[in-house]
Amino acid sequence: MKSEPDVFSFDQLRKRRKEPWSGVRNYQARNFMRDGMSVGDPVLFYHSSCAEPGVQGLGKVASKAYPDPTQFERGGEYFEPKATREKPVWWLVDIAWAADFARPVTLEMLRKDKRLADLLILRPGNRLSITPVTAAELRTIAGLGG
DNA sequence: GCCAACGTTGGC
DNA sequence: GCCAACGTTGGC
């Protein structure tokens with residue numbers, strides 16, 4: 001899961017322990033949270049749009065999917081006029097801090113590792129903020145992080 | 001349903 | 001700030 005550290009960093013997640021992953025406004029990313037995640041699933045926390053993009057550490061899914069409350073905030077940045085309480089449009093999960101890496105796994109390190117050739121985030125033009133990884137990819141990246 | 005215009009993402 | 005690569009929007 002990507003996050004811009006200027007907006008919400010892995011350090012902030014560690015301090016807060018848990019954070020609702022609100023504000024996702026892409027259907028594919030929403031579907032991964034709503035349909036593809038279970039409580040306890042490991043999460044790679046990736047910093048994007050910063051000096052050194054890369055995976056900072058591990059989080060974990062800390063709730064089942066529930067409606068993103070920001071879609072109901074009239075006048076707010078994430079207000080969704082099409083959403084109703086009965087038929088929400090946007091869903092999220094809570095993400096909890098799980099473990100630090102000894103070192104961040106930089107984008108450069110990800111690119112250099114042949115085992116990660118199929119990692120979705122490395123595909124040209126990938127802009128999805130949430131992408132699935134295989135168990136093998138997770139192990140590889142966690143290994144690189146020490 | 002098509003598709004051009006537009007907005008956003010994200011590395012550099 | 002640039003720009004490639006997308007996703008979304010809206011007229012038709």
Side-chain angles (χ1 to χ4, degrees), chain A residues 1-16 18-37 41-63 65-134 136-146:
Chain A
M1 299 176 82
K2 295 182 196 170
S3 188
E4 298 183 24
D6 293 346
V7 179
F8 188 76
S9 69
F10 189 64
D11 285 342
Q12 282 172 277
L13 180 67
R14 187 188 309 102
K15 280 180 201 147
R16 293 206 219 171
K18 194 167 91 166
E19 184 74 6
W21 211 253
S22 62
V24 170
R25 292 298 180 267
N26 172 282
Y27 288 104
Q28 232 181 316
R30 176 204 67 181
N31 294 348
F32 287 135
M33 285 197 287
R34 191 186 58 187
D35 310 325
M37 292 187 179
D41 281 352
V43 168
L44 294 159
F45 197 110
Y46 180 90
H47 279 179
S48 65
S49 293
C50 56
E52 193 164 73
V55 181
Q56 302 301 305
L58 292 175
K60 63 184 170 192
V61 177
S63 78
Y66 61 95
D68 182 342
T70 64
Q71 71 193 302
F72 304 120
E73 292 171 0
R74 192 169 292 277
E77 185 183 355
Y78 297 111
F79 180 64
E80 171 57 68
K82 293 194 288 270
T84 64
R85 299 279 172 182
E86 294 71 30
K87 289 201 111 182
V89 177
W90 302 111
W91 296 72
L92 55 69
V93 295
D94 291 344
I95 296 299
W97 173 88
D100 289 327
F101 283 170
R103 69 194 79 85
V105 180
T106 64
L107 180 58
E108 189 185 5
M109 291 163 72
L110 297 173
R111 286 224 164 95
K112 277 183 178 160
D113 198 303
K114 291 204 172 79
R115 295 169 295 176
L116 300 173
D118 294 329
L119 197 67
L120 287 174
I121 209 178
L122 300 181
R123 296 241 286 247
N126 167 61
R127 289 168 32 197
L128 261 185
S129 63
I130 303 174
T131 48
V133 299
T134 66
E137 288 166 342
L138 178 74
R139 280 195 302 275
T140 296
I141 294 168
L144 291 172

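Naming convention: chains lettered A, B, ... in sequence-line order (proteins, then strands); numbering from 1 in each chain.
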| task | May I ask you to evaluate whether A/Arg111 reaches the phosphate of B/dC12, defined as a side-chain N or O under 4.0 Å from OP1 or OP2? | result | yes
Hey, is the side chain of A/Lys2 poking within less than 4.0 Å of OP1 or OP2 on B/dG10, counting only N and O atoms? yes
Sorted by number, residues from residues 45-57 of chain A placing a heavy atom under 4.0 Å from DNA chain C are none
Which whole-number value in Å describes the distance from [X] [atom1] to [N] [atom2]?
X	N	atom1	atom2	answer
A/Leu128	B/dG11	CG	P	13 Å
A/Leu110	B/dG11	CG	P	11 Å
A/Trp90	C/dT8	CH2	C1'	10 Å
A/Tyr78	B/dT8	OH	P	11 Å
A/Asn126	C/dC3	CG	P	22 Å
A/Gln28	B/dT9	CD	P	15 Å
A/Ile130	B/dT9	CD1	P	13 Å
A/Arg123	B/dG10	CZ	P	16 Å

Output for pair (A/Leu128 CG, A/Thr131 OG1), nearest 0.5 Å, gives 7.0 Å
When rounded to the nearest 0.5 Å, the distance separating CG of A/Leu107 from CD1 of A/Ile121 is 7.5 Å
Taking the side chain as everything from C-beta on, heavy atoms only, tell me whether [X] gets closer than 4.5 Å to [Y].
X	Y	value
A/Glu4	A/Ser48	yes
A/Trp97	A/Phe10	yes
A/Phe45	A/Val55	no
A/Asp118	A/Glu137	yes

Aromatic ring centroids of A/Tyr27 and A/Trp91 under 6.0 Å?
no
Across all chains, not counting sequence neighbours, the side-chain contact (heavy atoms from CB on, under 4.5 Å) partners of A/Glu19 are A/Phe8, A/Leu13, A/Arg16
| said: Check A/Arg25 with A/Asp68, please: is the shortest side-chain N to carboxylate O separation under 4.0 Å? | reply: yes
Output a table of nitrogen or oxygen pairs between the protein and nucleotides 4-7 of chain B separated by less than 3.5 Å.
| residue | atom | partner | partner atom | Å |
| --- | --- | --- | --- | --- |
| B/dG7 | N2 | A/Arg127 | NH1 | 3.4 |
| B/dG7 | N2 | A/Arg127 | NH2 | 3.4 |

